[in-house]
Amino acid sequence: MVQYWVEYPFDKLVVGIGEVSQITGIATRQIRYWEDKGIIESLTEEEGKNRRYNYENIKKMLLIKEMIDEGYTLDASAEKVKKRMEMIEETLNKLKNK
């Protein structure tokens, strides 16, 4: 069976911090803290502008939140999610190159 790589419209999804907070249940101050620690990145280029996040960062936030809810520390969650995202990216790149 041949499977084809499909681009999802989620790749173009960009939402503000308030919307992210509403859909994920993560407080805006917590999202800002995670960004200050370098765990996630906003797409905001200028200081003082509204923070905006893409699909990849929203996925990271949800995974981190899930792990914290399971008892992991923030740093342990962030490291585990970082490694998982790298593994997924490597796997998808291999599939794209076939």
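Numbers for residues simply follow the sequence, beginning at 1.
- A distance-only check finds no donor-acceptor pair linking the side chain of Thr28 to the backbone of Gly18 [under 3.5 Å].
- Of all the heavy atoms in Leu43 and Tyr53, the pair that sits closest is CD1-C, 4.4 Å.
- Transitive grouping of hydrophobic side chains (ILVMFWY, heavy atoms separated by less than 4.5 Å) brings Tyr33 and Ile40 into a common cluster.
- We find the CG-CD1 distance between Asp36 and Ile31 to be 12.0 Å, quoted to the nearest 0.5 Å.
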In residues 57-83, what donor-acceptor pairs under 3.5 Å come from side-chain atoms, sequence neighbours left out?
residue	atom	partner	partner atom	Å
Asn57	OD1	Glu41	N	3.1
Asn57	ND2	Glu41	O	2.7
Asn57	ND2	Asn54	OD1	3.2
Thr73	OG1	Ala76	N	3.1
Asp75	OD1	Lys37	NZ	3.1
Ser77	OG	Thr73	O	2.8

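- In terms of heavy-atom proximity, Gly16 sits nearest to Arg52 at N-NH1, 3.7 Å.
- Screening residues 16-32 for salt bridge (charged side-chain N to carboxylate O under 4.0 Å, His left out), with sequence neighbours left out, gives no hits.
- Using a 4.5 Å cut-off on side-chain heavy atoms (C-beta onward), Ile88 and Arg84 make contact.
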